[in-house]
K.L.:
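Dropping the structure in here first, questions after.
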Amino acid sequence: MSDAPRVLVGVEVHLQLKTTTKCFSPSAYHYGADPNTLIDPVVMGLPGALPVLNREAVRLAIRTGLALGCEIAEVTKWDRKNYFYPDLPKGYQISQFDQPLCFDGGIEIDDDEGNPKRVRIRRAHLEEDTGKSTHDEGGNKSRVDLNRAGAPLLEIVSEPDMTSAGEAERYLNALREIVSFLGTSDGNMQEGNLRCEPNVNVIFANGDKTAIVEVKNINSVRNMGRAIECEVERQTREYHEHGRVMGNTPRSTRGWDDVNGTTVHQRFKESADDYRYFPEPDLPPLHIERRYVEAERADLPELPRARRTRYRDTLGLSAYDTEILTAGPAISAWFERALAGPTGARDAKLVANWVQGELMRHLNEQKASLEDVALQPEELGELVDLVTAGTINARTAKELFRELVVSGGSPAAIVEARGLAQVSDRGAVEAAVRAAMERHAQAVEDFRGGNAKARGRIFGEAMKELKGQGDPKQVNEVLTELLG
Amino acid sequence: MLGAFTPFGADHPLDLPVAAMAARVRDKDDALTAVELVQTALLRIELLDPGLNAFLCVTGELGLAQAAAVDAKVQAGEDPGPLAGVPLAVKDNLAVPGAPMTCASKILEGYSPPTWATSVERAIGAGACVVGKTNLDEFAMGSSTENSAFGPSRNPYDPARVPGGSSGGSAAAVAAGMAPLALGSDTGGSIRQPAALCGIVGLKPTYGRVSRSGLVAFASSLDQVGPMARSAADARALLQAIAGTDPLDATTRPMPALEPDESTRLDGLRYGTVTEFGLDGVPGGEQAQAAVNGVRATLDAAGASSVAISLPLVTSSIPVYYIVAPAEASSNLARYDGVRYGRRAEDVDSLQALYARTRDEGFGDEVKRRILIGTFALSSGYADAYYKKAMAARTRLREQFDAAFEQCDVLLSATTPTAAFGVGEKADDPLAMYLCDILTVAANLAGIPAISIPCGMTTDGLPLGLQLWGRPGSEGQLLDVAERIAEASGHGYVAPSVKGAE
């Protein structure tokens, strides 16, 4: 086994933070607006315009950094990264060079054997996004849309701690999940608010290493995995065929070709641009108080991996329920609210059954999302309480659920107003059972003649007689007595 | 007020101290109006500027509209502010919407800013009326205004000579009486040096005192906007109007107030004489040194005491400055790429060609020279040796100034080694030109305030300037001392006799 080549993967992620305005200007930012409508003098790089730091971007970056297990710098500063490109309006990007806001972190993922493994995060720094260039096909015109320019980005750089495409995918998914639970980013790769660039190389048993390759233009988690697999295969082949290793081959950047499923050489890093970094003179260094960091840390929500462990180990939920109830921040928060009763937590399995069963079925059937549901989680909790207390039976509860999910309202109040409470008066139940037996004398005869199925018909009739509000257990008892 | 429409003459209201001029405008019972003042200034510009080229653009319509608004406020019983009706010349690297902003560069061809520079907006808020945008060295890079793409400005005391730079247009405008107040910017001496060469007062505030929002950046960590005027009192009035923190400039900071302190006396003042600023042995420096010595004698006679100060790092300030300023400039000027605004090269077949041609055609030689120096200084492998070392030297220099101000209240030196030099005299010798900044750049590197005030004339009748340096935030005190020196020495603004003024 030890003779097998080792794969080393690190991932660089650019995460757009979910602020309402840009990183260094009051201009609004959101995805999908008409080109060049979300701009102002700062974004345009007009002469005399100065950047002003958006504190909310720093707050979201710190929250994300904390959730990624990072240290938060006591003093951080801004640096200019200088290069020319039409979608970079000032001719430099405001970034952080040698004093990143967050550093020395790490998150836990499952390795390929399913065991927990920590992937270290070297640094996460805040910077501004660039605009977007599009090039006319055939024609020789290029267009620049500066809407995205200046949006806050957190660049998260991992150590090369992943040893397979699968681990890298799980790392990326874990990262996306964390930021979506935090609400600090949409983490949507299609809309480009999460971009990833894996760097890959291979170490052979004899100690030879291939040159590190960074892959760009990746638009999905799966494609990142494919790109890594493709690189491992390609680098291994070139090593065997041409002896290409680190030392005789420079670091390079390749682009992912989605159509052909391959990576394509873009440039060697040896000829990398000299970005002429220097401290941004327009923005003073930022001193971050420890009290502030601790307050943010205390305010962090439970993160998905910890929540999963708790659901399984403490609440005793099944793996299936756990998976569904932590699939996203919205459903998980909904479940948590339904779980929290007025006098302590409700029975987790009961609540979980309702949420992953009835609620999910409704959402799937109606192709609806949680926001469309009129039923509040607290109301579902109340419904569960009514069943647990024996006030209503399961059938009433389900009917009520189907109504509440559309219209909302207090289940207790509705049960009270409509008199839906279970009939548990022995006399009333007996009367209903006798009435059912009289009306269905044939069924009674059949049952007594050995046809066990006929009993169900009488039971159903008795329940109907009780307008569905009978306690099924009690009805059964009475039926057994009277049928003899 | 028949006389108001003659642009010149004894006791002309446009030649009054700013406070008196504004007081008359604010007085409802006084017939003098802001519109008359602005009309007069415009007339003077029309008559005098063809010989001086101080203005790149005259904003008559804007100035008159602002003046009319001031007069309307007076009529309505509202206070138009302490600069009511005072004509203001604005260096053409400060944004005034509706007017072109060229920075004296071809690269900003056709560009007009959409928003106000905070400093200009605040001056207008205090009642000032903008009469025009003044000439400068391209992007404020220079010491003579000869680096303007639109021709050099001329010194009102001798049109064959330069007015200094880079705020040479503003200095010439004030000195020639075309505007009582002007805004300049000072990155390495660009307010103080032309103020000295044109015989007026120019103050570079503490870094962070005045907002840089709307000032076209040259070297962001050094640039400051400041007042240019005929007296320290006038300069104070303009500085009070424009100073203060600004949410649009993160480098502005709260600073001590600027109110005059009547208790400031020369008696007991400890002034530092910096060994490294001595002009003995500097070619042509005798007259400036003599003028400074004259002021020292006045100070000593008034009871002030001299303290000998050594600031060893001052000798490195020129090389430090010519690393830091071009480095920041190379980055600040990257935005002029022909993509979004300004000049764009025609008939190019690639992006690289668009950049190269636009910038080659748009920038003048001095700007290109500084972009090259700055790009080199920041390059990988060189940044440590140049930029980082220069920044470390700045920190040490600031410490040396701090130590100096523990021994004295202000430092005193000449503003320039010589009076105004001839147009073309140094134009082909960048190094000689850079050395003009030797007495001024240290204030920018250390971020401290410094003021240049008139201190006499050369035997040729050319103005000389005295410079006072203060600790951070001490502009109020510098202005107090400047006023006392003017009173005690009798030195001050002396109107030049300029062609067209007869």
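Chain naming here is simple, since letters A, B, ... match the order of the sequence lines and numbering starts at 1 in each. Because the structure is predicted, anything quoted here is derived from the model rather than measured. Because only heavy atoms are used, hydrogens play no part in the values below, and waters and symmetry mates are left out as well, while side chains stay in.
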K.L.:
With a 6.0 Å cut-off (strictly less than), is the heavy-atom count around CZ of B:R369, excluding the residue itself, greater than 12?
P.N.:
yes

K.L.:
Could you state the interatomic distance from OG (B:S190) to CG (B:L222), rounded to the nearest 0.5 Å?
P.N.:
10.5 Å

K.L.:
Below 4.5 Å from any heavy atom of chain B, which atoms of A:L53 appear? Answer side chain, backbone, both or neither.
P.N.:
neither

K.L.:
Going by heavy atoms in the side chains, are A:V42 and B:L248 under 4.5 Å from each other?
P.N.:
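Of all side-chain heavy-atom pairs linking B:L248 with A:V42, none is under 4.5 Å.
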
K.L.:
Are the side chains of B:F139 and B:L108 in touch, meaning some heavy atoms are under 4.5 Å apart?
P.N.:
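B:F139 reaches B:L108 side chain to side chain.
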
K.L.:
Report the C-alpha distance between B:V96 and B:L94 in whole Å, list the side-chain angles of each, state the deciding distance to 0.1 Å, and finish with yes or no for side chain to side chain contact (heavy atoms under 4.5 Å, CB included).
P.N.:
CA-CA 7 Å; B:V96 172; B:L94 286 161; 5.7 Å; no

K.L.:
Do the non-hydrogen side-chain atoms of A:I94 and A:C23 ever get within less than 4.5 Å of each other?
P.N.:
no

K.L.:
Which bit of B:M391 is near chain A, if near means a heavy-atom gap under 4.5 Å: side chain, backbone, both or neither?
P.N.:
neither

K.L.:
Every donor-acceptor pair from chain B to chain A under 3.5 Å, please, each on its own line.
P.N.:
from, atom 1, to, atom 2, distance (Å)
B:R212, NH1, A:D282, OD1, 3.1
B:R212, NH2, A:D282, OD1, 3.1
B:G214, N, A:G48, O, 2.8
B:S331, OG, A:R80, NH1, 2.9
B:S331, OG, A:N82, OD1, 2.8
B:N332, OD1, A:R80, NH1, 2.8
B:N332, OD1, A:R80, NH2, 3.1
B:R335, N, A:K90, O, 3.4
B:R335, NH1, A:G45, O, 3.3
B:R335, NH1, A:L46, O, 2.9
B:R335, NH2, A:Y92, OH, 3.2
B:R340, NE, A:M44, O, 2.8
B:R340, NH1, A:P89, O, 3.4
B:R340, NH2, A:P89, O, 2.5
B:Y341, OH, A:G45, O, 2.6
B:Y355, OH, A:Y85, N, 3.4
B:S380, N, A:D274, OD1, 3.4
B:S380, N, A:D274, OD2, 2.5

K.L.:
Quick one: of A:P26, A:G91, A:P281, who has the most non-hydrogen atom pairs under 4.5 Å with chain B?
P.N.:
A:P281

K.L.:
Non-hydrogen atoms of chain A under 4.5 Å away: do they reach the side chain of B:P114, the backbone, both or neither?
P.N.:
side chain

K.L.:
Heavy atoms only: give me the nearest B:A383-B:L378 pair and the separation to one decimal.
P.N.:
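Where B:A383 meets B:L378 most closely, the heavy atoms are CB-O, 3.7 Å.
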
K.L.:
Hey, could you give me the CG/CG distance between A:L154 and A:L60, rounded to the nearest 0.5 Å?
P.N.:
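Going from the CG atom of A:L154 to the CG atom of A:L60 covers 9.5 Å.
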
K.L.:
Which atoms of B:L351 come close to chain A, meaning under 4.5 Å heavy atom to heavy atom: side chain ones, backbone ones, both, or neither?
P.N.:
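For B:L351, the side chain is the part near chain A, not the backbone.
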
